[in-house]
Amino acid sequence: MTDPIVIVPYDSRWPRAYEEERRRLERALVGADVVIEHVGSTAVPGLGGKPILDVMVGVSSLARVEARIPTLEESGYHYVPEYEASLPERRYFRKPHHRPRTHHLHCVRLGGPFWLRHLAFRDRLRADPELAKAYFELKLRLASEHAGNRSAYTEAKSPFIESVLAEADGAARTGSRRSCCGPLRGTEL
């Protein structure tokens with residue numbers, strides 16, 4: 001049996017919970033030269049979502065994170081290498097080991113496509129509360145339609161996410177900045 005997909009309204013405690021986790025991660029990753037960002041729905045004021053903090057760690061080399069796997073596991077994270085076949089540019093961890101989860105940790109190359117896509121999507125939603133509201137309403141509907149099927153839920157969000165990233169990419173090109181957003185390849189935003 002699969003767990004239901006739970007979507008909740010925005011919780012004003014999420015930013016503080018992220019800051020606490022960021023400090024824990026800084027201690028666990030000391031010397032790894034990382035940049036830590038709050039991503040996902042919990043990073044967008046007013047946007048509801050699954051009550052799981054998504055934290056993205058940018059590193060110059062994934063080897064720096066791989067060397068810290070035991071330390072991250074001591075900090076309560078469970079390393080999940082199974083997804084590397086479809087997302088080889090990411091090292092993924094979750095906390096705690098069993099559901100319900102409270103944290104997802106995405107370790108990626110700083111400035112790489114995964115990094116840029118997630119920041120572009122987050123920043124676009126932060127800049128447009130109406131767009132964030134539309135995304136929340138979509139997530140509520142899809143969670144109901146795909147109850148218990150996380151893959152279908154994630155896939156069903158893709159057209160919305162792709163349209164937001166295409167808009168962000170167009171704005172970047174118009175502003176003479178480099179393109180930020182390639183194909184999603186199954187990334188859950």
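Numbering of residues begins at 1 and proceeds along the displayed sequence. Everything numeric in this text was worked out from a predicted model, so none of it was measured.
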I need the R141 CZ to I7 CD1 distance, nearest 0.5 Å. 12.5 Å
Where is the tightest heavy-atom contact between L110 and G58, given as atom of each residue plus distance? CB-C, 3.9 Å
Do E19 and R16 have side chains that approach each other closer than 4.5 Å (heavy atoms only, starting at C-beta)? no
Smallest separation among heavy atoms of F93 and C107, with atom names: CE1-SG, 3.9 Å
Do the side chains of I161 and F121 get nearer than 4.5 Å, heavy atoms only? yes
Do L105 and L25 have side chains that get closer than 4.5 Å, going by heavy atoms? yes
Shared hydrophobic cluster for V108 and L119 (ILVMFWY, side-chain gaps under 4.5 Å): yes
Is it the case that one hydrophobic cluster holds both Y18 and L29, taking links as side-chain heavy atoms less than 4.5 Å apart, direct or via other members? yes
Is any side-chain N of the basic residue among E66 and R91 closer than 4.0 Å to the acidic one's carboxylate O? yes
Do L131 and F160 have side chains that approach each other closer than 4.5 Å (heavy atoms only, starting at C-beta)? yes
Lys/Arg N to Asp/Glu carboxylate O, R23 vs E20, below 4.0 Å: no
Nearest atoms (heavy-atom pairs only) where R64 meets D33: NH1-CB, 4.3 Å
Are side-chain heavy atoms of K139 and S41 found at a separation under 4.5 Å? yes
Derivation of the side chain to side chain contact (heavy atoms under 4.5 Å, CB included) call for R150 and K50: CA-CA 11 Å; R150 290 178 187 275; K50 292 185 300 247; 3.9 Å; yes
Decide yes or no on side chain to side chain contact (heavy atoms under 4.5 Å, CB included) for V39 and W115, but give the supporting numbers first. CA-CA 10 Å; V39 295; W115 177 266; over 6 Å; no
Would you check, one step at a time, whether the test side chain to side chain contact (heavy atoms under 4.5 Å, CB included) holds for K157 with L142? CA-CA 8 Å; K157 294 187 306 179; L142 294 177; 3.7 Å; yes
Heavy atoms only: give me the nearest L62-P88 pair and the separation to one decimal. CD1-O, 3.9 Å
Run the salt-bridge test on E26 and R22 with the 4.0 Å N-O cut-off and return the result as yes or no. yes
Can you give me the closest heavy-atom contact between A28 and T71, atom names plus distance? O-CG2, 3.4 Å
Find the distance between NE2 (H104) and CD1 (I52) and round it off to the nearest 0.5 Å. 4.0 Å
Polar side-chain atom of R126 near backbone of A43 as donor-acceptor pair, under 3.5 Å: yes
Step through the shown structure and confirm whether more than 12 heavy atoms of other residues, nucleotides or ligands are within 6.0 Å of OH on Y83. no
d(I69 CD1, Y79 OH) to nearest 0.5 Å is 4.5 Å
Is it possible for you to say whether L47 and V55 belong to one hydrophobic cluster, with membership spreading through side-chain heavy-atom contacts below 4.5 Å? no
Say you draw a straight line from CG of D128 to OH of Y135; how long is it, rounded to the nearest 0.5 Å? 14.5 Å
Quick check, are the ring centers of Y92 and H106 under 6.0 angstrom apart? yes
For the residue pair L116 and G111, what are the closest heavy atoms and their distance? CD1-O, 3.4 Å
Worked verdict on H118 versus E37 for side chain to side chain contact (heavy atoms under 4.5 Å, CB included): CA-CA 10 Å; H118 280 71; E37 290 281 346; over 6 Å; no
If you round to the nearest 0.5 Å, how far is CG of D54 from NE2 of H103? 10.0 Å
Tell me whether W14 shares a hydrophobic cluster with F136, the cluster being built from Ile, Leu, Val, Met, Phe, Trp, Tyr side chains joined at under 4.5 Å. no
Does V30 belong to the same Ile/Leu/Val/Met/Phe/Trp/Tyr cluster as I36, with side-chain heavy atoms less than 4.5 Å apart forming each link? no
Rounded to the nearest 0.5 Å, how far does OG of S75 lie from CZ of R27? 8.5 Å
